[in-house]
Amino acid sequence: MPFVDSHCHINFPELNENIADVLAQMRQNEVVSALCVSVNLADFPQALALAERYPNIYASVGVHPDYEGVEEPDVARLVELARHPKVIAIGETGLDYFRLKGDLEWQRARFRNHIRAARESGKPLIIHTREAAADTLRIMAEEGADKAGGVMHCFTETWEVAEAALAMGFYISFSGIVTFKNAKQLKDVAQRVPLERILIETDAPYLAPAPHRGRLNQPAYVKHVAEEIATLRGITLAEVGQCTTENFARLFGLGKNYWQNY
Ligand SMILES: [Zn+2]
Ligand SMILES: [Zn+2]
């Protein structure tokens, strides 16, 4: 029964320094693959190094909206870095009006560049949005993000926002937040998104799912996210694993049973 962690940061030191153990835990829990998501250009080489070293690890390239004052990527640079065969996505990118305040025009400009790069490179987007749903959807529409496709990662918005993203062909990814008792609205969204558009993720090292809440997260724990979705939808854990693994392969252009070669 395969599971894939569609979004994690195993290049961050707290996980990277124990990478052999992180990968062993994945194997023990049937987590066959993980996408290591870049948050800025300075950390991209570490993410890529993991993807080059381990067949079942993939990387993305992008600059997260929470990183102010770092090296700004233009479209050509992102397209160039995304040419590597193990770089399967552009991001994470998007808007975050929760962590940063003030004039965030630079965030919106950076987001537009990522969408343009995704369209040009043919690699899908990983979108982060926090307290910025209306602007996120507006810029996605203005820049033709539907032509690139992608995923709304660590989704915490309303069903209406999910519907708008689904209408643009996007997938919705659920993190450990969906396992939290107080996440009522999110549990409702997780019941309504079509199964063939759901991805699961940890966003490790952050946001460990129950019963590990508050501790260091790791890709192996993505199974708890799958368990919660299975419970909410009244289907088996195997169905959630199979379906989300196939969804991951479809979105990122990997063969349907790509993970069986590892
Ligand atoms: Zn994020
Ligand atoms: Zn992330």
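These figures come from a predicted structure and were not determined experimentally.
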Tell me yes or no: between the side chains of [X] and [Y], is some donor less than 3.5 Å from an acceptor?
| X | Y | answer |
| --- | --- | --- |
| Arg110 | Asn113 | no |
| His84 | Glu52 | yes |
| Asp5 | Thr202 | yes |

Going by salt bridge (Lys or Arg N to Asp or Glu O under 4.0 Å), name the residues that satisfy it together with [X], two or more places apart in sequence or in a different chain.
| X | result |
| --- | --- |
| Glu201 | none |
| Arg192 | Asp188 |
| Glu80 | Arg83 |
| Arg108 | Glu105, Asp135 |

Sole candidate of Glu157, Met140, Met168 that passes side chain to side chain contact (heavy atoms under 4.5 Å, CB included) when paired with Met152: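 Answer after filtering Glu157, Met140, Met168: Met140.
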Determine, for Glu143 against Arg138, whether the closest basic-nitrogen to carboxylate-oxygen distance falls under 4.0 angstrom.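 No, no charged N to carboxylate O under 4.0 Å.
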Looking at Glu239 and Arg233, does any basic side-chain N land under 4.0 Å from a carboxylate oxygen?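 No salt bridge links Glu239 with Arg233.
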With heavy-atom distances below 4.5 Å as the criterion, would you say the side chains of Val63 and Leu41 are in contact?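 Heavy-atom side-chain distance check passes, below 4.5 Å.
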Kindly indicate whether the side chain of Tyr67, heavy atoms from C-beta on, has any atom under 4.5 Å from the side chain of Asp96.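 A side-chain contact is absent here, since even the closest heavy-atom pair is not under 4.5 Å.
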Who are the side-chain contact (heavy atoms from CB on, under 4.5 Å) partners of [X], not counting sequence neighbours?
| X | result |
| --- | --- |
| Asn56 | Met26, Ser33, Tyr54, Tyr262 |
| Leu216 | Glu14, Leu15, Pro205 |
| Pro209 | Thr179, Asn217, Tyr221, His224, Val225 |
| Arg27 | Leu23, Ala24 |

In Å, rounded to the nearest 0.5 Å, how long is the span from CZ of Phe170 to CG of Leu125?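 Rounded to the nearest 0.5 Å, the CZ-CG separation comes to 5.0 Å.
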Could you tell me whether the side chain of Lys86 and the main chain of Leu48 form a donor-acceptor pair under 3.5 Å?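 No.
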Which pairs pass ring-ring contact (aromatic ring centres under 6.0 Å, His included) with one or both residues in residues 1-27, sequence neighbours excluded?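 Only His7-His9, His7-His153, His9-Phe12 qualify under ring-ring contact (aromatic ring centres under 6.0 Å, His included).
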Atom NZ of residue position Lys184 - does it have more than 12 heavy atoms of other residues, nucleotides or ligands inside 6.0 Å?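 Result for NZ/Lys184: open.
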Return the set of residues passing side chain to side chain donor-acceptor pair (under 3.5 Å) with Ser60 (not counting sequence neighbours), or none when no residue passes.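 Ser60: no side chain to side chain donor-acceptor pair (under 3.5 Å) contacts found.
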What residues join Val75 in its hydrophobic cluster, counting side-chain heavy atom gaps under 4.5 Å, either direct or through other members?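 Hydrophobic cluster check, Val75: joined to Val79.
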Under the ring pair (Phe, Tyr, Trp, His ring centres under 6.0 Å) test, residues paired with Phe252 that sit two or more places apart: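 For Phe252, the residues satisfying ring pair (Phe, Tyr, Trp, His ring centres under 6.0 Å) (neighbours in sequence not counted) are Phe248.
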